[in-house]
Amino acid sequence: MAERNSRGVSPVVGTVALLALTIVMAATTAAFVMDIHPPTEPDLRQSLESDDQPETPNATFQFTQSRGLTTVTHSGGDTLAADRVTLATDDGSQQWADSGEVTEGDSRTVSGSGVRVLWNGEVIGESGT
């Protein structure tokens with residue numbers, strides 16, 4: 001009679017072991033999945049602020065004066081966004097262009113003296129007089 005009881009224990013032990021293994025695997029998988037964080041969205045305000053205030057470019061300009069006019073020529077350095085470049089004189093100011101780029105060799109002529117090239121309001125070039 002002792003043998004009869006022994007045979008019934010084996011399937012129960014196998015079932016309990018299989019159930020325990022399933023629970024451990026489910027817990028491990030859940031812990032792994034819960035630890036993964038979804039990608040965060042970039043801070044749009046910060047990226048907009050960085051676009052509004054780009055790094056000051058390194059550009060050089062040549063100034064040629066003749067008969068009350070000053071020709072400003074981009075003589076080297078970085079290419080500039082034309083809509084961010086302003087030519088300021090003692091008489092006023094004007095934007096280099098509404099769009100496009102200012103590259104080496106590009107020039108604009110303005111009336112007046114004391115010409116300054118501004119990048120977002122910061123002087124990046126200035127005539128001698």
Side-chain angles (χ1 to χ4, degrees):
M1 196 145 169
E3 258 184 59
R4 244 180 181 190
N5 290 340
S6 297
R7 280 197 268 170
V9 172
S10 183
V12 172
V13 170
T15 304
V16 170
L18 206 54
L19 184 60
L21 182 64
T22 304
I23 291 171
V24 168
M25 287 176 52
T28 303
T29 304
F32 178 73
V33 170
M34 298 290 186
D35 191 41
I36 296 176
H37 301 288
T40 59
E41 293 182 29
D43 186 1
L44 296 178
R45 185 182 58 206
Q46 183 180 11
S47 64
L48 289 175
E49 287 173 0
S50 65
D51 287 346
D52 289 344
Q53 297 298 325
E55 196 171 303
T56 302
N58 181 14
T60 55
F61 295 90
Q62 180 180 356
F63 300 87
T64 309
Q65 295 179 338
S66 175
R67 298 185 214 151
L69 299 175
T70 302
T71 300
V72 181
T73 304
H74 183 290
S75 58
D78 296 335
T79 297
L80 309 171
D83 61 343
R84 294 181 186 233
V85 178
T86 303
L87 300 174
T89 67
D90 294 336
D91 301 331
S93 64
Q94 67 183 49
Q95 196 170 348
W96 186 284
D98 290 335
S99 62
E101 295 180 331
V102 180
T103 59
E104 188 172 348
D106 289 349
S107 63
R108 290 288 183 267
T109 301
V110 294
S111 63
S113 59
V115 178
R116 295 171 309 283
V117 180
L118 307 174
W119 170 260
N120 290 331
E122 182 179 342
V123 177
I124 59 171
E126 196 167 7
S127 67
T129 57

Could you grab the distance from atom OG of Ser93 to atom CG of Leu87, nearest 0.5 Å is fine? 9.0 Å

Considering non-hydrogen atoms only, spot the tightest contact between Leu80 and Ala59 and give its length. CD1-CB, 4.2 Å

Is the shortest side-chain heavy-atom distance between Gln95 and Asp83 below 4.5 Å? yes

Any donor-acceptor pair under 3.5 Å from Thr70 side chain to Gly112 backbone: yes

Gly114 backbone acceptor or donor facing Thr89 side chain under 3.5 Å: no

Using the side chain to side chain contact (heavy atoms under 4.5 Å, CB included) rule, take Gln65 and Ser127 through it: C-alpha gap first, then chi angles, then the decisive distance, then the call. CA-CA 9 Å; Gln65 295 179 338; Ser127 67; 4.2 Å; yes

Calculate, to the nearest 0.5 Å, the distance between atoms CG and CD belonging to Asp78 and Glu55 respectively. 8.5 Å

Take the angle between the ring planes of Phe61 and Trp96 and call it parallel below 30°, perpendicular above 60°, tilted in between. tilted

Under the side chain to side chain contact (heavy atoms under 4.5 Å, CB included) criterion, do Val72 and Val115 qualify, and how do the steps go? CA-CA 8 Å; Val72 181; Val115 178; 3.7 Å; yes

Beyond-backbone contact of Val85 with Leu118, side-chain heavy atoms, under 4.5 angstrom: no

Closest approach of His74 to Glu104 (non-hydrogen atoms, all atoms of both residues): ND1-CA, 3.1 Å

Thr73 side chain reached by Thr71 side chain, heavy atoms, under 4.5 Å: yes

Pair Ser75-Thr60, side chain to side chain contact (heavy atoms under 4.5 Å, CB included): steps then yes or no: CA-CA 5 Å; Ser75 58; Thr60 55; 3.2 Å; yes

When you measure from the side chain of Asn58 to the backbone of Gly77, do you find a donor-acceptor pair of N or O atoms at a distance under 3.5 Å? no

Show, in sequence, the C-alpha distance, side-chain angles and deciding distance for Val110 and Gln94, and conclude whether the side chain to side chain contact (heavy atoms under 4.5 Å, CB included) test is met. CA-CA 9 Å; Val110 294; Gln94 67 183 49; 3.5 Å; yes

Ignoring hydrogens, what is the shortest heavy-atom contact between Asp106 and Glu101? Give both atom names and the distance. OD2-O, 3.4 Å

